[in-house]
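What follows is a set of notes on a single structure, which appears directly below.
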Amino acid sequence: MAARRLSSFLLSRSLSLSSASASTPLSQGRYSILRRGINRFSTAAVAEEPIAAPVEINYTKLLINGQFVDSASGKTFPTLDPRTGEVIADIAEGDAEDINRAVSAARKAFDEGPWPRMTPYERSRIILRFADLVEKHNDDIAALETWDNGKPYEQAAKVEIPMVVRLFRYYAGWADKLHGLTVPADGPYHVQTLHEPIGVAGQIIPWNFPLLMFAWKVGPALACGNTIVLKSAEQTPLTALYVAKLFHEAGLPPGVLNVVSGYGPTAGAALASHMDVDKLAFTGSTETGKIVQGLAAQSNLKPVTLELGGKSAFIVCEDADIDEAVEQAHFALFFNQGQCCCAGSRTFVHERVYDEFLEKSKARALKRTVGDPFKEGVEQGPQIDLEQFEKILGFIRSGKESNATLECGGERFGSKGYYVQPTVFSNVQDDMLIAQEEIFGPVQSILKFKDLNEVIRRANASKYGLAAGVFTKNINTANTLMRALRAGTIWINCFDVFDAAIPFGGYKMSGTGREKGIYSLQNYLQVKAVVTPLKNPAWL
């Protein structure tokens, strides 16, 4: 699976209760340290007419109880093409009443329906049939993802959709392997634990990896026998509706999976605070995650898993293979237009190799191909929307005004759509906004360090702790850093290596709980202890 360097599936971002691109106050003023000759990007690709998306849109309504229905209010909202800002389609706008309808359907399907009462093997077979259908419709699903999100079609079709298939096959394999334990006790008792589905799961997914986040959440929840109400990001509603239809073609009973499109403050808040939702999972910004957790606590104290923001350190030691480190650092930051929660957005480079690394990083950024994501060979498409586009440009202004050195980029790319030039800053200091806040865009900040103790202290001096990368040839250095860095994933001499079995989640304000792998199953199970007296037991 291409060494499973599966182009940063995380995710994170989604906003749901409020846009992950929530604006950050940035100072205004005159730019500083602008140097001649730093921007040499061609805008020819963007100047061309957008390539027609090779797919039709068939599903724009809410999916509740196995049926596509209009919203209760009759309202719709537009989903936009980030290449142009033009409307792709009008989508049914769910709100609190629609969440109520979806939760009622999910509750009935759990309490009275066949899904939790099927044998785990039969649940597994339905999930496997769904995975086969996604694989069959790979190209159409990838085209929808690119059209709605702006990510390169080759990335969606060759990496992300196959990973979705792999994730569901992985969780299908777990369905009939979930079981409790027999526990010895001090006395004549038979003690066993039961692992039971938690009930109705509410799930709120992001816009940066819409279908991958769908898989990360829906896969384990269904494998454990739960029912679901999922709210998609308002920026990217199309693929969740499409694949939910495929789930029903695979034999999923009505009401087990319900998909509501809508905005965070209405549909998202209603789901987070609903008294009949038993568990909540959210991927998005840290600020929105706080709101989600608060709503869950203030309602029925439902458990919450959160995959939130990041400001991951990418550490290049003096003995690193510089050419490989440059390429990996470039990928770690610029992949998916920089819209990755685990992006390596603080590139720490040892002072002895800093100048060489900087010049090669600048050259690599200048070679990056930006343009229509449907065009073959394009590495970077547009940002998701106008709000995110303006936020990124605001951070770039802040970097200039803070006296970081702009090495390349720093401007809009082309004249149409939400494209941003690949941007590199050097001489970045820890107290600068671009070194502290999650930019969520194609902006690389390169910082200098002297020794391991210093870089450990500085890398950990962040409110986030989602991931980190380490480049070194010394196993002792790698071992020191992997244990010292306070982050949920440490990549050694690689970055963005994802696999269905590898858990993902953060320390500190990057969230709580883990997704993927065996650890994610714990999010969707209750553990029940059962104790029975034994009369004249032959053994204890």
Side-chain angles (χ1 to χ4, degrees), residues 11-23 57 59-64 68-82 85-103 106 148-150 202-211 213-214 217 228-241 244 258-274 277 280-296 298-299 304 306-309 339 383-391 418 440:
L11 350 311
S12 168
R13 239 30 322 143
S14 163
L15 308 198
S16 302
L17 283 179
S18 78
S19 181
S21 46
S23 58
I57 297 171
Y59 309 112
T60 60
K61 297 183 179 183
L62 313 179
L63 181 66
I64 298 176
F68 283 107
V69 297
D70 291 320
S71 62
S73 67
K75 291 181 180 179
T76 62
F77 67 93
T79 186
L80 305 179
D81 183 344
E86 297 172 355
V87 175
I88 298 173
D90 291 314
I91 309 298
E93 181 184 335
D95 57 21
E97 178 56 32
D98 301 294
I99 292 294
N100 286 336
R101 290 195 291 166
V103 172
D148 213 14
N149 172 276
Q203 301 178 332
I204 300 174
I205 62 173
W207 50 257
N208 59 332
F209 293 101
L211 204 52
M213 297 302 99
F214 177 99
K217 289 176 171 54
I228 299 168
V229 177
L230 181 139
K231 193 201 89 66
S232 56
E234 60 268 27
Q235 297 90 340
T236 53
L238 296 178
T239 49
L241 295 170
N258 306 273
V259 178
V260 178
S261 310
Y263 293 100
T266 50
L271 184 59
S273 61
H274 204 288
V277 170
L280 192 67
F282 170 81
T283 295
S285 70
T286 295
E287 291 308 309
T288 302
K290 293 178 181 179
I291 296 171
V292 166
Q293 190 161 40
L295 291 171
Q298 293 163 19
S299 53
V304 182
L306 300 169
E307 197 272 284
L308 306 177
Q339 296 171 153
Q383 309 308 130
I384 185 67
D385 60 15
L386 179 62
E387 184 177 3
Q388 185 69 10
F389 171 80
E390 292 181 340
K391 174 194 170 188
Y418 308 128
F440 226 60

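Atom CD1 of Ile91 is separated from atom CG of Leu62 by 9.5 Å, given to the nearest 0.5 angstrom. Separating the CE atom in Met213 from the CD1 atom in Ile205 is a distance of 8.5 Å, to the nearest 0.5 Å. Expressed to the nearest 0.5 Å, how far CD1 of Ile57 lies from CG of Leu238 amounts to 5.0 Å. Separation of atoms NZ (Lys61) and CG (Leu241) is listed at 12.0 Å; rounding is to 0.5 Å. Taking CG of Leu295 as the reference point, atom NE2 of His274 lies at 13.0 Å (rounded to 0.5 Å). Atom-to-atom distance recorded for Leu308:CG and Thr283:OG1 is 7.5 Å, nearest 0.5 angstrom.
Ala267 approaches Ile99 most closely through the heavy-atom pair O-CG1, 3.6 Å. A pairwise comparison of heavy atoms in Gly202 and Val277 identifies N-CG1, 3.6 Å as the closest pair. Here the shortest heavy-atom pairing between Ala272 and Ser299 reads O-OG, 3.8 Å. Nearest approach of Glu234 to Thr79, heavy atoms of both residues: O-OG1, 4.4 Å. The heavy-atom pair separating Ala269 from Pro265 by the smallest distance is CB-O, 3.5 Å. Residues Thr60 and Ala89 share a closest heavy-atom pair of CG2-CB, 4.3 Å.
Taking the six-membered ring for Trp and thresholds of 30 and 60 degrees, Tyr59 and Phe68 have nearly parallel ring planes, at less than 30 degrees apart.
A donor-acceptor contact shorter than 3.5 Å is absent between the side chain of Lys217 and the backbone of Ile204. Ser261 contributes no side-chain N or O that, together with a main-chain N or O of Glu93, makes up a donor-acceptor pair within less than 3.5 Å. A donor-acceptor pair under 3.5 Å is formed between the side chain of Asn258 and the backbone N or O of Ile228. Thr266 places a side-chain N or O within 3.5 Å of a backbone atom of Tyr263 that can act as its donor or acceptor partner. Although no hydrogens or angles enter the test, the distance criterion places no donor-acceptor pair under 3.5 Å between the side chain of Gln235 and the main chain of Ile384. Judged by distance alone, the side chain of Gln383 and the main-chain N or O of Gln388 form no donor-acceptor pair under 3.5 Å. A donor-acceptor distance shorter than 3.5 angstrom exists from the side chain of Thr286 to the backbone of Gly309, with no hydrogens or angles considered. Without hydrogens or angle criteria, Asp70 side chain to Ala92 main chain gives no donor-acceptor distance under 3.5 Å. Within the 3.5 Å criterion, the main-chain N or O of Ser71 finds no donor-acceptor partner in the side chain of Asp98.
Counting only heavy atoms from C-beta outward, the side chains of Asp385 and Trp207 never approach each other to under 4.5 Å. Side-chain contact between Arg101 and Val69 is present, with at least one heavy-atom pair separated by less than 4.5 Å. The closest side-chain heavy-atom distance from Phe282 to Gln293 is not below 4.5 Å.
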Test log, rule side-chain contact (heavy atoms from CB on, under 4.5 Å), inputs Ile88 and Asp148: CA-CA 8 Å; Ile88 298 173; Asp148 213 14; 3.8 Å; yes
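Between the side chains of Thr236 and Asn149, no donor-acceptor pair is found at a separation under 3.5 Å.
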